[in-house]
Engineer: 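Starting off with a structure, shown below.
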Amino acid sequence: MFLTRHVFPSNSRTLSTFTTHIHLQQPLLQMALHGFNMKFENYNAILNECVNKRAFREGQRVHAHMIKTRYLPSVFLRTRLIVLYTKCDSLGDAHNVFDEMPERNVVSWTAMISAYSQRGYASQALNLFLQMLRSGTEPNEFTFATVLTSCTSSLGFILGRQIHSLIIKLNYEDHVFVGSSLLDMYAKDGKIHEARTVFECLPERDVVSCTAIISGYAQLGLDEEALELFRRLQGEGMKSNYVTYTGVLTALSGLAALDLGKQVHNHVLRSEIPSFVVLQNSLIDMYSKCGNLTYSRRIFDTMYERTVISWNAMLVGYSKHGEGREVLKLFTLMREETKVKPDSVTILAVLSGCSHGGLEDKGLNIFNDMSSGKIEVEPKMEHYGCVVDLLGRSGRVEEAFEFIKKMPFEPTAAIWGSLLGACRVHSNVDIGEFAGQQLLEIEPGNAGNYVILSNLYASAGRWEDVSSLRDLMLKKTVTKEPGRSSIELDQVLHTFHASDRSHPRREEICMKVKELSTSFKEVGYVPDLSCVLHDVDEEQKEKILLGHSEKLALSFGLIASPASVPIRVIKNLRICVDCHNFAKYISKVYGREVSLRDKNRFHRIVGGKCSCEDYW
DNA sequence: ATAGGGTTAG
């Protein structure tokens with residue numbers, strides 16, 4: 001019921017939608033083109049109209065008329081021309097006007113900086129800003145708000161901090177536009193506390209600054225913090241718009257909070273908020289990451305306009321759920337749609353979709369089409385990574401290894417990790433050992449790598465290697481991002497850590513895990529002790545294994561949710577081999593569907609079988 | 001005349 005079709009105009013920020021053949025006010029145009037002695041007022045009026053209507057050709061004719069009649073436009077009019085050309089997507093023309101200006105003021109500099117930053121030319125925008133300072137022109141609040149949006153590279157962040165000092169010196173730190181731009185810059189640099197400080201110091205807040213800080217948390221994966229802040233600001237009377245909800249949906253996607261996501265969706269539909277493409281894209285992603293692809297597809301199908309991101313979000317959804325056939329079907333549809341071109345993310349989604357869906361040959365064909373230019377996307381490192389995955393999954397481990405050696409890139413940790421994973425599943429100890437060594441060299445501090453290599457050694461019965469791996473791990477400073485699993489029940493998110501004793505129903509949960517383990521052992525479950533790398537006896541290892549956050553969340557789901565619904569658990573890391581097996585027993589013994597989202601994909605486990613076919 | 005927050009992938 002809540003998915004009704006909403007038709008709204010497309011996002012007005014799309015630059016490509018300008019028209020060139022429009023009717024300008026005839027008298028003015030005639031005056032300009034028939035030798036009338038044009039004055040400032042006339043030019044200003046006609047240029048304003050051209051800017052508003054994005055009338056590129058007419059604007060050019062007016063500009064040409066100025067040159068022909070040797071009219072010398074003021075700084076003001078030249079700046080209008082820069083803005084006109086920028087809005088009409090003609091950066092070259094804008095820059096020519098800028099170059100030929102006999103004098104410039106803060107507005108013309110800012111307009112030009114804005115032109116570059118809007119088109120994504122960050123370093124040019126920053127260069128221009130520096131030139132502006134050197135020329136002795138003092139920036140104003142417009143300049144700062146603009147230039148900070150171009151501070152998104154590592155060099156940009158350094159410059160951004162210096163710009164912050166200048167902002168303080170020139171007394172613009174209380175300005176809300178400058179503040180939102182500044183806090184956004186800090187958030188994008190991962191400096192969320194500094195972003196928060198800027199936010200808290202603002203004398204007044206508005207939708208944009210509030211949205212910027214909420215999205216800042218969400219983009220860094222601080223989902224709970226984002227949600228908490230959203231609720232607090234809402235309580236303090238913050239107004240939300242569609243961008244705010246996009247940020248909130250990002251946080252909810254991360255948490256896989258389906259019920260809350262539906263609530264936001266309902267709210268958006270009931271309110272006057274327009275269903276802009278960006279918001280719909282967020283909804284597609286939210287439903288897919290919450291495990292509900294049907295809703296994602298329903299939104300996708302009813303969209304009035306789709307961007308490449310809409311297609312990508314849907315493709316990624318199918319891919320993560322292991323629905324390879326659907327990925328290919330949708331990709332075919334996409335290629336028939338001429339308005340949208342596949343990009344690098346599209347191909348990534350399709351390749352990984354083929355891999356997760358067990359369609360190795362189809363995936364390899366697509367990679368070949370890309371290499372031969374039949375698909376017009378430049379193959380990047382990540383695409384090569386997908387091929388390693390595809391070959392590895394189908395058991396062609398040697399081929400995958402050869403492929404890595406011939407790649408035009410230096411292999412990354414992700415590539416070796418993918419090869420090692422394949423070796424674990426297909427028990428290729430020789431290549432796996434090599435991949436593992438490379439991996440331990442690149443990422444000596446990543447505990448996950450040790451676990452997979454240990455799994456591999458254990459599967460080959462090489463126990464002495466398992467123990468020397470453990471010794472090696474003790475020598476290095478190995479940090480493990482703490483594993484965390486959560487489950488949403490009645491709009492409340494229950495989060496568990498390993499051996500977590502903080503849940504109000506901890507006794508019950510702990511008992512249940514033990515009970516399950518005992519009963520599963522009677523029907524064939526064998527705890528996989530190679531998943532534990534601590535130097536303890538077997539009994540202890542089993543205890544540690546039973547404390548894994550996934551098992552706590554799964555058991556809690558079994559106790560606390562009705563038997564008719566699937567148990568939906570999400571884990572922040574890749575799921576452990578033993579817990580994956582444990583979940584299969586739950587599905588078989590209790591007849592419950594388990595939907596498990598890990599860092600890489602969804603595992604839909606029914607009747608003891610998983611949609612990943614034990615490859616992840 | 002010039003300005004800030006947003007969606008997919010990793």
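Only a predicted model underlies this, so the values are computations on that prediction, with no experimental measurement involved. Chain identifiers are assigned alphabetically (A, B, ...) following the order of the sequence lines, protein sequences preceding nucleic acid strands; residue numbering begins at 1 within each chain.
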Engineer: Measure distances between side-chain N and O atoms of A/Asn281 and base N and O atoms of B/dG6, and say whether any donor-acceptor pair falls under 3.5 Å.
Structural biologist: no
Engineer: Side chain of A/Tyr245, base of B/dG6: donor and acceptor closer than 3.5 Å?
Structural biologist: no
Engineer: Taking the minimum atom-to-atom distance to the side chain of A/Ser282, which one of B/dG5, B/dT7, B/dA9 wins?
Structural biologist: B/dT7
Engineer: Rounded to whole Å, please give me the gap between CD1 in A/Ile284 and C1' in B/dT8.
Structural biologist: 10 Å
Engineer: Have a look at A/Thr79 and say if it touches a base, only the backbone sugar-phosphate, or nothing, with a 4.0 Å heavy-atom cut-off.
Structural biologist: base
Engineer: Has the side chain of A/Thr246 got a donor or acceptor that lies under 3.5 Å from a partner of the other kind on the base of B/dG6?
Structural biologist: no
Engineer: Would you kindly give the NZ-to-P distance between A/Lys87 and B/dA3, to the nearest whole Å?
Structural biologist: 6 Å
Engineer: In whole angstrom, what separates A/Phe177's CZ from B/dT2's C1'?
Structural biologist: 12 Å
Engineer: Can you find a donor-acceptor pair, distance only, under 3.5 Å between A/Asn105 side chain and B/dA1 base?
Structural biologist: yes
Engineer: Please state whether the phosphate of B/dA3, meaning OP1 or OP2, lies under 4.0 angstrom from any side-chain nitrogen or oxygen of A/Gln118.
Structural biologist: yes
Engineer: If you compare every side-chain N and O of A/Lys239 against the phosphate oxygens of B/dG5 (OP1, OP2), does one of them come in below 4.0 Å?
Structural biologist: no
Engineer: Report the distance from atom CE of A/Met314 to atom P of B/dA9, rounded to the nearest whole Å.
Structural biologist: 13 Å
Engineer: Please confirm whether A/Arg104 makes a cation-pi placement over A/Phe98, using NZ or CZ under 6.0 Å from the six-membered ring centre and within 45° of the ring normal.
Structural biologist: yes
Engineer: Across the strands shown, which category fits A/Thr244 at heavy-atom distances under 4.0 angstrom: base, sugar-phosphate, nothing?
Structural biologist: base
Engineer: Of the nucleotides B/dT2, B/dG5, B/dA9, which has the atom closest to the A/Thr211 side chain?
Structural biologist: B/dG5
Engineer: Does the B/dG4 base have a donor-acceptor partner in the side chain of A/Ser181 within less than 3.5 Å?
Structural biologist: no
Engineer: Just checking A/Val207: base, sugar-phosphate only, or nothing, at a heavy-atom cut-off of under 4.0 Å?
Structural biologist: base
Engineer: Output yes when at least one side-chain N/O atom of A/Arg104 is less than 4.0 Å from OP1 or OP2 of B/dT2, else no.
Structural biologist: no
Engineer: Decide whether A/Tyr43 and A/His65 meet the rule of one side-chain donor and one side-chain acceptor closer than 3.5 Å.
Structural biologist: yes
Engineer: Show, in sequence, the C-alpha distance, side-chain angles and deciding distance for A/Thr244 and A/Asn241, and conclude whether the side chain to side chain donor-acceptor pair (under 3.5 Å) test is met.
Structural biologist: CA-CA 5 Å; A/Thr244 322; A/Asn241 63 18; 3.1 Å; yes
Engineer: Does A/Asp206 reach a base, just sugar-phosphate, or nothing at all? Heavy atoms under 4.0 Å.
Structural biologist: base
Engineer: Please determine which of A/Phe56, A/Tyr85, A/Tyr71 meets the ring pair (Phe, Tyr, Trp, His ring centres under 6.0 Å) test together with A/His63.
Structural biologist: A/Tyr85
Engineer: Tell me what A/Asn140 touches on the nucleic acid: a base, only sugar-phosphate, or nothing, going by heavy atoms under 4.0 Å.
Structural biologist: base
Engineer: Taking the side chain of A/Thr146 as heavy atoms from C-beta outward, which of B/dA1, B/dG5, B/dA3 is closest to it?
Structural biologist: B/dA3
Engineer: Scan A/Lys599 against the nucleic acid and name what it touches under 4.0 Å (heavy atoms): base, sugar-phosphate only, or nothing.
Structural biologist: nothing
Engineer: Looking at the side chain of A/Lys320, which of B/dG6, B/dG10, B/dA3 is the nearest nucleotide?
Structural biologist: B/dG10
Engineer: So does A/Glu326 pair up with A/Lys329, basic N to acidic O under 4.0 Å?
Structural biologist: yes
Engineer: Does A/His603 have any side chain to side chain contact (heavy atoms under 4.5 Å, CB included) partners at least two apart in sequence or in another chain, and if so, which?
Structural biologist: A/Ile575, A/His580, A/Leu596, A/Asp598, A/Arg601, A/Ile605, A/Cys610, A/Cys612, A/Trp616
Engineer: Need one value for A/Lys380: base, sugar-phosphate or nothing, where a base atom within 4.0 Å counts as base even if backbone is also close, heavy atoms only.
Structural biologist: nothing
Engineer: Rounded to whole Å, how long is the line connecting atom CG of A/Leu330 with atom C1' of B/dT8?
Structural biologist: 13 Å
Engineer: Any idea which of B/dA9, B/dG6, B/dT2 is nearest the A/Leu348 side chain?
Structural biologist: B/dA9
Engineer: For the side chain of A/Val83, starting at C-beta, report the closest nucleotide among B/dG10, B/dT2, B/dT7.
Structural biologist: B/dT2
Engineer: What is the separation between atom CD on A/Glu382 and atom C1' on B/dG10, rounded to the nearest whole Å?
Structural biologist: 6 Å
Engineer: Quick one: which of B/dA3, B/dT7, B/dT8 gets closest to the side chain of A/Val278?
Structural biologist: B/dT7
Engineer: Using a cut-off of 4.0 Å on non-hydrogen atoms, how would the nucleic acid contact of A/Val176 be classed: base, sugar-phosphate, or nothing?
Structural biologist: base
Engineer: Measure CG/A/Asn241 against P/B/dG4 and give the value in whole Å, please.
Structural biologist: 15 Å
Engineer: Should the pair A/Phe602 and A/His321 be assigned to parallel (<30°), tilted (30 to 60°) or perpendicular (>60°) ring geometry?
Structural biologist: parallel
Engineer: Between B/dA3, B/dT7, B/dG5, which nucleotide gets closest to the side-chain atoms of A/Gln219?
Structural biologist: B/dT7
Engineer: Atom CG of A/Leu249 to atom C1' of B/dG5: distance rounded to whole Å?
Structural biologist: 15 Å
